[in-house]
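Report on the following structure.
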Amino acid sequence: MEGSAGRRGPVRRWQLVRAGRDAVPNSARRFMARARRRRMRAVLPWALVAGGLTLAGLVGWVLVGTGLFGVREVRVEGAELVTSVEVRDAAGVPDGTPLARVDLAATAKRIGGLPAVERVDVKRDWPDVLVVRLTERTGAAVVPQEDQFLVVDAAGFVFRRLSAPPDGLPVIRLASPGPADPKTQAALAVLAELTPQLRGELVDITVEGLARVTLHLRDERQVVWGDATRGADKARVATALLNGAEATIDVSAPGVVTVR
């Protein structure tokens with residue numbers, strides 16, 4: 001056994017050796033370099049798309065899914081008849097709600113439900129402010145109702161109820177003011193046609209029927225107007241007769257005026 005082992009000789013061990021640069025031909029190195037560049041060009045667009053999607057998802061999550069850009073302030077502009085508190089309550093947007101998730105149209109609709117508000121514009125002011133710009137209704141006349149005074153706009157919409165009549169608004173006397181009420185519309189149509197002289201003498205407009213509109217003036221004088229048609233002609237004729245001593249001027253048929 002010993003003799004046999006001696007004939008085998010020493011056991012060889014394999015060892016990895018890094019080949020020298022000269023061991024790889026230049027043509028092979030150029031081929032491998034071109035192959036790497038082709039692989040990079042093929043992968044790069046997908047990597048950019050994946051990176052962009054990841055970034056967009058992260059931004060979307062920050063904007064929508066966290067309170068980092070949440071509502072901290074509701075800024076109200078143009079409010080005089082309503083208070084900022086009333087507007088914020090009507091908006092119904094809790095503090096901390098992600099600004100990007102606020103439904104601007106729905107918020108504007110809720111605020112527009114306030115009687116004194118005619119138009120609403122709601123916008124985002126990044127990073128954390130909701131801006132509400134209001135256009136409020138303008139009073140055209142006041143309608144006495146029992147112990148209240150109802151303020152209506154030019155469309156007949158009742159938007160204020162006061163315990164005392166406001167200064168500077170003409171008085172209309174009728175039963176049920178509103179935009180759908182024919183008597184309200186008749187009174188407002190007559191009011192729109194009055195000359196400055198008639199307005200200056202006007203105490204109130206009484207509407208007992210669509211063809212029974214009467215202007216009560218100072219010094220217990222009155223103008224029987226009739227219906228709301230031919231308003232400009234009636235106003236011109238009544239104004240021309242204001243300097244007379246007659247107590248009643250009937251312009252219901254402006255072509256045939258009677259006085260008494």
Side-chain angles (χ1 to χ4, degrees), residues 78-82 112-119 134-260:
E80 294 183 5
L81 303 179
V82 296
L114 295 172
V117 175
E118 184 174 7
R119 291 191 304 275
L134 303 179
T135 300
E136 296 180 324
R137 299 183 186 275
T138 301
V142 59
V143 182
Q145 291 278 295
E146 297 180 355
D147 58 346
Q148 289 186 321
F149 295 86
L150 311 184
V151 181
V152 299
D153 66 3
F157 191 91
V158 178
F159 65 95
R160 298 184 75 189
R161 296 175 182 270
L162 305 174
S163 58
D167 294 332
L169 290 182
V171 176
I172 296 175
R173 297 187 184 277
L174 46 82
S176 303
D181 176 51
K183 293 181 181 179
T184 303
Q185 295 304 316
L188 292 171
V190 171
L191 188 61
E193 297 288 359
L194 298 186
T195 61
Q197 294 89 334
L198 283 173
R199 276 183 172 267
E201 295 293 321
L202 183 65
V203 174
D204 63 45
I205 297 177
T206 301
V207 184
E208 297 177 333
L210 294 181
R212 297 175 61 191
V213 179
T214 303
L215 277 59
H216 294 98
L217 309 180
R218 295 176 183 175
D219 300 327
E220 299 184 354
R221 303 173 72 191
Q222 65 179 7
V223 176
V224 178
W225 199 271
D227 61 23
T229 62
R230 300 187 63 183
D233 292 337
K234 294 176 181 180
R236 176 176 50 80
V237 172
T239 301
L241 297 173
L242 280 180
N243 293 329
E246 295 80 11
T248 300
I249 303 171
D250 189 338
V251 294
S252 56
V256 184
V257 180
T258 60
V259 295
R260 56 184 183 273

| field | Side-chain heavy atoms of Arg199 within contact of Leu191, under 4.5 Å | value | yes
Of all heavy-atom pairs linking Pro166 and Val142, the shortest is CD-CG2, 4.0 Å
| Under 4.5 Å between any side-chain heavy atoms of Thr229 and Lys234, yes or no? | yes
message: A side-chain contact here means heavy atoms from C-beta on lying under 4.5 Å apart; do Pro177 and Gln145 qualify?
response: yes
For Leu169 and Gly139, the nearest pair of non-hydrogen atoms, with its separation, is CD2-O, 3.4 Å
(request) Compare all side-chain heavy atoms of Asp153 with those of Thr138 and state whether any distance is below 4.5 angstrom. (result) no
d(Arg221 CZ, Leu242 CG) to nearest 0.5 Å is 6.0 Å
Correct closest heavy-atom pair for Ala235 and Glu193 would be CB-O, 3.2 Å
query: Any side-chain heavy atom of Val190 within less than 4.5 Å of one from Leu215?
result: yes
> Within a strict 4.5 Å, meaning less than it, do heavy atoms of the Glu136 and Val82 side chains meet?
Replying inline: yes
Value for CD1 (Ile249) from CG (Leu217), rounded to nearest 0.5 Å, stands at 7.0 Å
Output for pair (Leu241 CG, Thr248 OG1), nearest 0.5 Å, gives 12.0 Å
Kindly indicate whether the side chain of Pro170, heavy atoms from C-beta on, has any atom under 4.5 Å from the side chain of Ile205. no
Rounding to 0.5 Å, atoms CH2 (Trp225) and OG (Ser252) come to a distance of 11.0 Å
Side chain to side chain contact (heavy atoms under 4.5 Å, CB included) with Thr184: of Leu174, Val207, Val143, Ile172, only one passes, and it is Leu174
When every non-hydrogen atom of Ala116 is compared with those of Leu81, the smallest separation belongs to CB-CB, 3.9 Å
Between Pro254 and Val237 the two heavy atoms that sit nearest each other are O-CG2, 4.2 Å
Of all heavy-atom pairs linking Ala186 and Ala228, the shortest is O-CB, 4.0 Å
